[in-house]
Structure formats: C-alpha cells, structure tokens
Asker: 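Starting off with a structure, shown below.
Source: prediction; values computed, not measured. Order of listing sets the numbers, starting from 1, for every ligand and every atom in it.
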Amino acid sequence: MRIGNGYDVHAFKGGRKLILGGVEIPHDKGLLGHSDADVLVHAIMDALLGAAALFDIGQHFPDTSDEYKDIDSLLLLERVGKLIYEKGYEIENIDSIIVAQKPKLMKFIPQMRQKIACSLGIDTEKVNVKATTTEKLGFEGREEGIASYAVCLLK
Ligand SMILES: [Zn+2]
C-alpha cells in the first residue's frame with residue numbers, strides 16, 4: 001500500500017468558466033490557470049503521482065507548454081492514471097476536499113465523482129469528494145480563490 005497527498009490553489013478571475021471535478025459550475029467567475037484550472041482534479045493528480053513517487057503535475061504537464069493551454073484536466077487525469085497503472089499499481093481509493101466559500105457545490109458532487117472515476121477507469125465508490133467553506137476566513141473565505149486537498153491509496 002502506498003499513500004499520496006495533493007494540494008492545489010487557483011485564484012478567481014472574471015470571464016472564466018468554473019470547472020471543478022470536470023463539471024462546469026454556474027458562477028459569476030471562474031478560476032485562473034494555464035489549463036482549465038480544475039483545482040480538484042489537480043490535487044487528485046498530485047496525490048496519485050505522489051503515491052507512485054512520480055514527482056508532480058508541474059513536472060509532467062508544464063504550464064509553459066502550449067499543449068496544455070486550456071486543456072480539460074480530466075484528460076490529464078486519464079494520463080496520470082495510465083502512468084500509475086504502467087507502474088503496476090491499482091487505485092484503492094481517493095478522498096478529496098474542495099475549500100470554497102461560494103458557490104454551493106453539494107448538488108454537483110455526484111457528477112464530479114462519476115467523471116473522476118470514469119477518467120481513471122475505476123468504480124465511483126472509490127472516489128469521494130467533499131466540499132467545505134472556511135467560515136469566511138482566509139483567501140477562500142474572502143472568495144479570492146479555491147483550494148483543494150486530496151489523498152489516495154494505491155496497492
Ligand atoms: Zn492547478
């Protein structure tokens with residue numbers, strides 16, 4: 001068994017789509033980033049890579065490369081899955097948290113779990129996504145951006 005953890009933050013920016021766990025969330029602003037800035041999927045990728053001792057997403061998908069400009073992060077997740085499986089690992093489970101003051105995310109979570117599981121070719125039951133606010137404290141609480149944490153177990 002090998003454990004991995006991931007953390008990511010993106011700042012809010014007007015005129016961008018808000019994509020979390022591959023799901024487009026209706027909101028008045030989105031997250032700024034080179035890719036689609038899917039902060040949840042980025043944290044999950046870093047957890048998976050970390051567990052397999054495969055460095056981090058910056059190493060595999062540099063934000064200086066045009067190839068990854070505005071890319072759907074689920075496609076990158078699919079590639080991370082392949083790297084993990086090539087090394088002979090299986091994903092036991094993934095747990096994750098989205099830290100956002102707004103918008104409310106509860107109703108989108110089942111779809112996020114499905115999309116993440118589908119990109120990795122695993123059962124939805126192996127993927128958990130939670131959402132929390134910070135009671136208006138910190139940058140998430142001031143609605144300056146969204147953070148995400150993830151842990152995973154490989155076998
Ligand atoms: Zn990111």
Asker: Taking atom types as modelled, find out whether S148 and D8 have a side-chain donor-acceptor pair closer than 3.5 angstrom.
Answerer: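 Side-chain D/A pair, S148 to D8: absent.
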Asker: Between K13 and E143, is the closest basic N to carboxylate O distance under 4.0 Å?
Answerer: no
Asker: Run the ring-centre check on F61 versus H34 and record whether the distance is less than 6.0 Å.
Answerer: no
Asker: What verdict does the salt bridge (charged side-chain N to carboxylate O under 4.0 Å, His left out) test give for K126 and D95, after you've listed the backbone C-alpha separation in whole Å, the side-chain angles of each residue and the deciding distance to 0.1 Å?
Answerer: CA-CA 8 Å; K126 294 191 167 195; D95 187 22; over 6 Å; no
Asker: Answer yes or no: is there an ion pair linking D38 with K115, defined by an N-O contact shorter than 4.0 Å?
Answerer: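 Looking at D38 and K115, the cut-off is not met.
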Asker: What protein N/O/S atoms are there under 2.8 Å from the Zn ion (ligand 1), waters excluded?
Answerer: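 Per the 2.8 Å query on the Zn ion (ligand 1), atoms found are D8 OD2, H10 NE2, H42 ND1.
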Asker: Before accepting this row, confirm whether a basic side-chain N of the pair D63/K69 lies closer than 4.0 Å to the acidic partner's carboxylate O.
Answerer: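 No, D63 and K69 are not salt-bridged.
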